[in-house]
Structure formats: C-alpha cells, structure tokens
Amino acid sequence: MPTTPDDATPLTAGSPLAMSLEEAEGDTSKAELDKATPGERARWSHRRWFVALRSFAAFIGVWYLMFLWNGNPIQLPSPFRVANAIWQLAISGELLEHASISTTRLVIALVVATLVAVPLGFVMGLSRSADRFLDPVVELLRPISGIAWIPLGLFIFGVGDVLPVFIMVYVAFFPLLLNTISGVRNVDQRLVNAARTMGVHGWPLMRQVIVPAALPTIMVGFRLAFAGAWAAVIAAELIGAPSGLGFAIEWYRQLLMTPKVFAFIVVIGVVGYLCDLALRALQRRLTPWAEGMGLS
Amino acid sequence: MTTTTAAAASDSSRWSAVFHATLVPVLLVLAWQAWSMTLPANSPAPSPSRVVAAFVDLVATGGLVQATLLSLGRVLVGFLFAMVVGVGLGALMGSNVRIKDNLDPIIESFRPIAPMALLPMAILWFGTGTAPSLFIVAYAAFFPLLLNTIHAVSRVDRKLVLAGMTMGIPRPRILTKIILPAALPGVLLGARLAMGVAWTAIIAAELAVGAKSGAGGTSGGIGQMMFVFYAYSIDLNGIVVCMIVVGVVALLIDRIFRFAEHRLMPWRHR
C-alpha cells in the first residue's frame, strides 16, 4: 500500500524547494530525450539554453525599466549596480564568508537531525509499540513550526551560532523522521518474506533488505529536510545571529545599501539551488534503484 | 451476546488507544512541571501551570484572540493574492507549453529564494505595517500553488478535452466543465501546502518586522506578540502559549483543507 508523499509529510512539504518532489520535473521531456539521437539531444539542450537566456534578458530588461520608472535607487537599484555589488562582495571575500557560515550551520544541523531522526524512524517503523507511544508526541510537536521556536530559542541560547542550528535541526527532524518511518513500514513484504525463506534474519536482513528498500524514501525526506532548513536558517539568522546570509541582508538593509541586499538575496537563491542540485546527484548515486520506485 | 463482547472489545481497544496516545505526553508535561518546581520562584522558566494561567489571562484580555485573528486575516488575504496569480498563471503555463518554456527559467530561479530573504526588501518597499507581511505570505504561498496547478493542468487527460471538442462544446465550457474538475485535486493539494507555508511565513514575517522595527506595535499579530513577550515583557509562559496557538492553528488549517478535499472530490476517496 504505497502512501503518497504528501501524506507522509503534510505540514512540512510545503516549502518552495520541496515542491520539486511533487512536480514530476522533466517527466515528458526526459522521456522524449531518451528516444532522441545524440544530435537531437544536443540541439534540444541548446534550445533550452537559448530560451533560458532570452527569458533572463527579458527579465533584466523589465527590471531596468522598472528601475528607470521608480527612480529611487534605494528601493530598486539597477541590475548593473547589483551585478557590481556581487562582484565587489566576491572580491572582498565577504560573500564567501557569510555563505560558508550559513552552509556550515546547515551541514551541522542536517548531520545532527539525521543522526537523531533516522535511527528513531527505524525504531518507530519496525516496532509497533514504540510507534504507538512516540507518535502522539511527534504529532503534537509537528504543527508548531520551527519559526515559532525562535523567541524561546533566543531566550535559551541567546544570539549566536546555536540558535540557527537548533531551529534547523528542529525543522529538518520531522520530514526525515516521517519519511524514514514510512520507508521502513512500506518495505515490500514479499522481499522480507523471500529473504526470511532463504534463512536471512536479524542484522543481515536489516542491512541487505530493509535499509536498501527504505533508503529512497529517506533520501526524499532528506531533500525535504534540506529545503525546510534552508528557508528556516534565513529567518533564524535574520532575527537571532550575528553572522550568516540572513544576517547580511538585514545588516545592509539597515545601512540602506540596497545593491548589497540584492546581492545576498541572489546568493541565497544560488546556494539553495546548488545544494538541491548536489542532493539530487547524491540521490542518484546513492539510490540508483529509486527511479524504478517512482521516488527519484 | 456476541455484540456485547464485540462492543466491550472495541471499548477496551479504544481505551488502550487513548492510553497509548496520552501516556508519553502526560509524562513529559508532568516531568516539565516537576522540573520547574525545583527552580527558584522568580525564575522566568515556563511551567505547565503558569502556561495555563498565562493562557487564561491572555484570552480574558482578548489580546490573544485578536492577535491570532489579525494573523489569520493576513494569511487569508496574502493567500488569496497568491491563489489568483498562482492558479491563473499555472493554468496558462500548464495548458501552453510555449508560455511554460519561456517562464520556467524565471520561476525556477526565484524558487530557491527563501521567503524570509525578501523581508528586508519588503520593509524597504512597504514600510513596517501589514503590507510587508502580506507580501511575504503571498510570495511563500505562490510557489506551491503555481507548481501544483501547472502539474495538474498539464496532466489533464487530452482525450477528455478532445472528446469535448468533438462534441462541439465551446472553449469556456471546456475549461469550466472538463479541465478545472480534472485539475482540482492538484490545485487543492497546492492550496493546502500553500496555506501551511503561508502560516509559517506570517509568523516569521511578524516576528522579524517586530524585531527590526522596534516595539512600535504597528505590525501586531501573533508573531509580533511573541516578540514583545521575548524582548520587552520577558514572559516565557506567554511565548509558550503563542507557540501552542500557532501549532493548533496550523493543525486546524491542515484539517480544514483535508476535509475540503474529501467533500469536493468524493470520487478520490472510496
């Protein structure tokens, strides 16, 4: 009985990045690509680049027109000033500094959340009684968004490194846990029975059958966890951290240096996009069999 | 005879379900209460009994209800904006491949930008009142609505549309009678997800507007209330009350949308 992804992660699946999982991205175009000859394939990807470039050119043109119309560079700087600001920040190393602070926090939080949520998910997925006792606590806490923990977290941890990490761990925890539970619980029972018939029990059964079968769902949970955590860290840094990308945009807003605010917004988008790309690649490498399960 | 035993069995299983569902939460709350009683009396740490007292207090003064309604109203308005733009654009992009191809690069490059990243700009553009929160909510809700609508509309069975055309049904009727009902499940899923993010976004926006514009009290809402409790009156019990309210509202929103999905699309749930 397959559960739909949205049933597994109802309240957390909504972050913008996570939607790429719902949307069967490239569904038809991929199928067309598989049939195409290499020449057609190259032409197709050229065309796609051309369309993308044209759209961006149009977008920047509209932006420039709005800049001319608005006439207030503090509210809307010209695209060229923003490009210049990105360049300046990149040269001075400030860009890299804030970006690496935020991503370091992200990595720490994701590692901590994985270490807690995945083993717990296995326990809850495999043992009915553990699930019956622990599930109410999870369901009570899950609707409280990570953002709502920021004031209490500020009070407990103060302004600093711990608060953003705490918020991200909390946000990443639920999609990872729920997907691990549903992955473990929906392992094809025939596979387990077949392995048992062949005399595989205990730890080998776990390692050879249950973990590989549950891993694709866990990876989906991991990507949802990343998307939620990335959105949350910006909010957490905006309010309660002395460094990081979220801090930087607010800092330059107060100085009314709008081109730099835009520059950091662009960086937030680019880093989020690159991380998602990297996670997709990891997903394909780690669980190549996921595509057959419709979970890629 | 058999009915009574069956009833007794179901009764006892219901009691055991209640027992399972409440045991650990109740133990946790008791542990929390016991821990808070070991603290000195003037400690600001929240405790269950004080949280309940704070809740009664906040409800009695009407502040809590007012703040929650204000936040909910903002979410609804922002959501409606996003609904109109997102579903409209989504229907266009879902039914026309050329429009989709041209707009996709722009949409895809905005999608990874967290809603809160735009808050500083929203403050510069719209000041510190209701408007920046509306903007953030609409931005956050826009993407789930748009993407799910595109997906749902592009997945509508071509054969149904062609059959309708063969029978000479005019285009507007094809849209309202064939495409919309077929795309409805996807759009509603998008609406539910969008409402979830919108509620998170309003809390974040109100918190941050409160934090960044001082306690002018111009923004209001439950997020601002939490920030005032944190920064000015240092009332942790009040913060916990707000957190619980945030959770309950999120749960209610989710349940209402699921209920609507059941009611509007009975054919999907046998």
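Because the structure is a prediction, the values reported are computed rather than measured.
For A:Leu152, the parts lying under 4.5 angstrom from a heavy atom of chain B are both the backbone and the side chain. A:Ile150 touches chain B through its side chain: at least one heavy atom from C-beta onward sits under 4.5 Å away, while N, CA, C and O do not. Residue contact with chain A, scored on non-hydrogen atoms closer than 4.5 Å, involves the backbone and the side chain of B:Leu124 alike. Within the 4.5 angstrom heavy-atom criterion, only side-chain atoms of B:Ser109, from C-beta onward, approach chain A. For A:Phe262, the part lying under 4.5 angstrom from a heavy atom of chain B is the side chain only. Contacts between A:Leu256 and chain B at a heavy-atom distance below 4.5 Å involve the side chain alone, from C-beta outward. Only the side chain of B:Leu28 comes within contact range of chain A, with heavy atoms under 4.5 Å apart. If you measure heavy-atom distances from B:Ile203 to chain A, the contacts under 4.5 Å come from both the backbone and the side chain.
For the pair B:Val24 and A:Pro136, the minimum side-chain heavy-atom distance is 4.5 Å or more. At least one side-chain heavy atom of A:Thr258 sits under 4.5 Å from a side-chain heavy atom of B:Met121. Inter-residue side-chain proximity for A:Phe59 and B:Pro105 is flagged as unmet; no heavy-atom pair is nearer than 4.5 Å. Between A:Leu238 and B:Pro120 there is a side-chain heavy-atom pair separated by less than 4.5 Å.
What you find for A:Ser145 and B:Val246 is that their closest heavy atoms are OG-CG1, 4.3 Å. The minimum heavy-atom distance linking B:Leu207 with A:Pro151 is given by the pair CD2-CG, 3.7 Å. Listed here is the closest heavy atom pair of B:Ala114 and A:Trp230: CB-O, 4.5 Å. The shortest heavy-atom contact between B:Ala204 and A:Ala235 is CB-CB, 4.5 Å.
Note that CG of B:Leu23 and CG of A:Leu134 are 10.5 Å apart. Values are rounded to the nearest 0.5 Å. Taken to the nearest 0.5 Å, the CZ atom of B:Phe110 stands 15.0 Å off from the OH atom of A:Tyr273. Between the CD atom of A:Glu139 and the CG atom of B:Leu251 there is a distance of 8.0 Å, given to the nearest 0.5 Å. Note that the CH2 atom of A:Trp149 and the CE atom of B:Met226 stand 9.5 Å from one another [nearest 0.5 Å]. With rounding to the nearest 0.5 Å, the separation of CD1 in A:Ile239 from CE in B:Met116 is 5.5 Å.
Put simply, of A:Val137, A:Ile234, A:Leu154, A:Leu140, the one with the most heavy-atom pairs under 4.5 Å next to chain B is A:Leu154.
The number of heavy atoms from other shown groups lying within 6.0 Å of CZ (A:Phe133) is above 12. Under a cut-off of 6.0 angstrom, the local environment of CH2 in A:Trp63 is crowded, with over 12 non-hydrogen atoms contributed by other residues, nucleotides or ligands. In the displayed structure, B:Trp125 atom CH2 is contacted under 6.0 Å by more than 12 heavy atoms of other residues, nucleotides or ligands.
A donor-acceptor contact shorter than 3.5 Å links the side chain of A:Ser55 to the backbone of B:Asn102.
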